[in-house]
Protein chains: 2
Amino acid sequence: MSSPFHPDYNPLIRKLESVFTLTDDERQALETLPMQVAVLKDHQDIVREGDQPSRACLILSGFACVYKMTAHGKRQIVSFTIAGDIPDLQSLHLKVLDNSVSTISPCRVGFIPHEALHDICLRYPRIGAAFWRETLIDAAIFREWVMNVGQREGVSRMAHVLCELVVRLRAVDLVEDHVCDLPITQVEFADALGFTPVHVNRVLQQMRADGLIETQGTRLRIPDWDKLKQVGEFDPTYLHLVREDVAA
Amino acid sequence: MSSPFHPDYNPLIRKLESVFTLTDDERQALETLPMQVAVLKDHQDIVREGDQPSRACLILSGFACVYKMTAHGKRQIVSFTIAGDIPDLQSLHLKVLDNSVSTISPCRVGFIPHEALHDICLRYPRIGAAFWRETLIDAAIFREWVMNVGQREGVSRMAHVLCELVVRLRAVDLVEDHVCDLPITQVEFADALGFTPVHVNRVLQQMRADGLIETQGTRLRIPDWDKLKQVGEFDPTYLHLVREDVAA
DNA sequence: CGATGAATTGACATTCTTCAAACTGTGTGG
DNA sequence: CCACACAGTTTGAAGAATGTCAATTCATCG
C-alpha cells in the first residue's frame, strides 16, 4: 500500500506522512476513508462554480487545474493541481463553490464524502489540522500567483510558474534528471498567466533561445535550474515544503 | 460588549456570530481570549515575510493590507483587511510567514497567542471550523484577485476591488448611504492592481467622468451601485457572506 | 491520407509604463 | 497668518509590453 506503483497507492497519505508521522490509528482511518474512484478524460470539468458538492475530489494521478470565468467568458486558471491535491477541499466549509476544477490531462480522481472528512477531522485532530494546513498552502499559492500576475512580466512570469510546477512535481517524484512530463498546452499557460496564447508562444521561444528550457512534445527539460529560478525570482518558501531538498 | 462603539467591542465575535449562533460557553471563551491590544500608526508593518510569529493579529479598527515583495523590490498587495479580519491566521499552522501585513491607516490591533487559538479550536470545534472557514474565504479572495489582475483591465479591474471593499465594509457597517471612508492612496491601489500609480490616476479620472464614483479626500461615494457592479463584473459569491443583503 | 488540435508567424492596434515635472491640500513652525 | 514641507495627485509626451486577427505550419492519430 506504500509504493507509488501499487494501484491502490494513495498520494494523500503520502503527502500527510511527509508532514508528520502518522499513528497506526490515523493511518488506518485514512486508508479506510470511503472513496469513489473515477477515471476522467482530459479537459473535463470535475466540479463547477456554483456547485454545492457533498464530496471532495482527490487527484490520484494526472494534471488538473482550478479556474474561474470572467463575466465576459475569459478564463483564469488560478492554480495547477497534481497527485495528492484536493483542489476543492474548501467545499468542506463553504457551501457553494466559487471556482471550477477541470482536468488538463486524463486523471484518476477519488471522491470522498464530506461527511467522512468531517468525521476524520473530529476524531483525529492532527489530521484535521493537516487538512487545514493544506488549504492554507493553497491560499499561499494563490497569493504568490497574484504577485506573479501583477508584478512580473513575460519570461519572468512564465519562469515562475514553471519553477513552481517543477518543485511540486519533484515533491511527488514526478521529475527525473531535470526532466518532467508537462501536458499543459500554451493556451492553458496563457489562461494561467493572464497572457494571450500568442504571447505565451513568443515568451517560450525567448526562453528556449535563452537556454532556460528545452521542450519536446509535452516533455520539459530544465538545463539550468539555478538560472530558471533566478529569472523567475523563485523562492519556494510559500510552498511550505517539509522536505526542503526538493526545492533546492 | 455588543455595541460597535463600546471600546471593548470585539469585531471578531460579531463576525462569528453572523455565521452561527454562539453558545454561552463559546462566547465566553472568545471574550476571554487573551489579547494584547496595540495602536499603530499608518504605514507600519505588523508582521513581515519570514517571521515566525507566536501570535496572530486581529484588526480591531482601521485599514491594513497583506502584501508580498518581488525580488526586484516591487510590492504586490494581495488583499485589504478591515475590522474583524485576522490577516495572518495562517501562521497558526504554517511556521514561517510568506507575506507581510502592514497598516494603511492608523489601526487598533489585537495580538492573540497561537496557543490560546489552538486551545479554543480544540475545545470548541465549531469555533475551530469557523476559523478554518475564515481562512478559506481569504483564499477565495486571493483567487478572485488572481482573476481580477489576470483578466480585467483598467476601469473594470479597479471597479472590481472597489466593489469588494464596499461590500466588505458594508458587512461591518462602515458604509452609510453609498458613502464610505477609504483611506487608501493611489499608490496603494496601484500595488493592489498591478498598475502604475499614474495609470491608477487615469483610471480613476475615467471612472469619475463615467459617473461610477465620486471622491472628496478619502471619502468615496458610489452614485450608481448597479452600474459599478456591472463594470467590475462583480459577483459577491466568493465572499461567502451569510447576510446576503449587504451585497445587494 | 485526411482530420484535428496545437504551435507558430506577421502586421498592426491598444494598454500600460516610464520619466519628469507641476500641482494640490494639509499641517506645522515661526 | 504666512511660509514651508510633505504627501498625495495630476499632467504630458514618448516608449515598451502585450493584445488582436488571420493565416500557416506542425504533429499525431485513426
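Only a predicted model underlies this, so the values are computations on that prediction, with no experimental measurement involved. Below, read A as the first sequence line, B as the second, and so on, with proteins coming before strands; counting in each chain starts at 1. All values below were derived from every heavy atom in this structure, side-chain atoms included, with hydrogens, water molecules and symmetry-related copies excluded.
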Rounded interatomic separation in angstrom, taking [atom1] from [X] and [atom2] from [N]:
X: B/H72; N: C/dT18; atom1: NE2; atom2: P; answer: 12 Å
X: B/H43; N: D/dC6; atom1: NE2; atom2: C1'; answer: 13 Å
X: B/R219; N: C/dG25; atom1: CZ; atom2: P; answer: 18 Å
X: B/Q216; N: C/dT24; atom1: CD; atom2: C1'; answer: 15 Å
X: B/E188; N: D/dG8; atom1: CD; atom2: C1'; answer: 11 Å
X: A/Q206; N: C/dT8; atom1: CD; atom2: P; answer: 14 Å
X: A/F189; N: D/dT18; atom1: CZ; atom2: C1'; answer: 19 Å
X: A/K74; N: C/dT15; atom1: NZ; atom2: P; answer: 11 Å

Given that A/R152 and B/D42 both sit by DNA chain D, which one's nearest nucleotide is further toward the 5' end? B/D42
Tell me what A/G154 touches on the nucleic acid: a base, only sugar-phosphate, or nothing, going by heavy atoms under 4.0 Å. sugar-phosphate
Just checking B/R208: base, sugar-phosphate only, or nothing, at a heavy-atom cut-off of under 4.0 Å? sugar-phosphate
Can a side chain N or O of A/T185 be found less than 4.0 Å away from OP1 or OP2 on C/dA7? yes
Under 3.5 Å, is there a donor-acceptor pair linking the side chains of B/E188 and B/H43? yes
Can you find a side-chain donor-acceptor pair between A/Q230 and A/D226 that sits under 3.5 Å? no
Report the nucleotide, chosen from C/dT8, D/dA17, D/dG8, that has the shortest atom-to-atom distance to any side-chain atom of A/E153. D/dA17
Under a 4.0 Å heavy-atom cutoff, the residues of residues 190-205 of chain A touching DNA chain C are A/V198, A/N201, A/R202, A/Q205
Under the 6.0 Å and 45° cation-pi test, does B/R170 pair with B/W225? yes
Heavy-atom side-chain contact between B/T103 and B/Q44 under 4.5 Å: yes
For B/I137 and B/L239, work out which heavy atoms get closest and say how close. CG2-O, 3.7 Å
Name the one of B/I86, B/L60, B/D85 that satisfies side chain to side chain contact (heavy atoms under 4.5 Å, CB included) with B/L12? B/I86
Any chance the rings of B/W145 and B/Y238 have centres within less than 6.0 Å? no
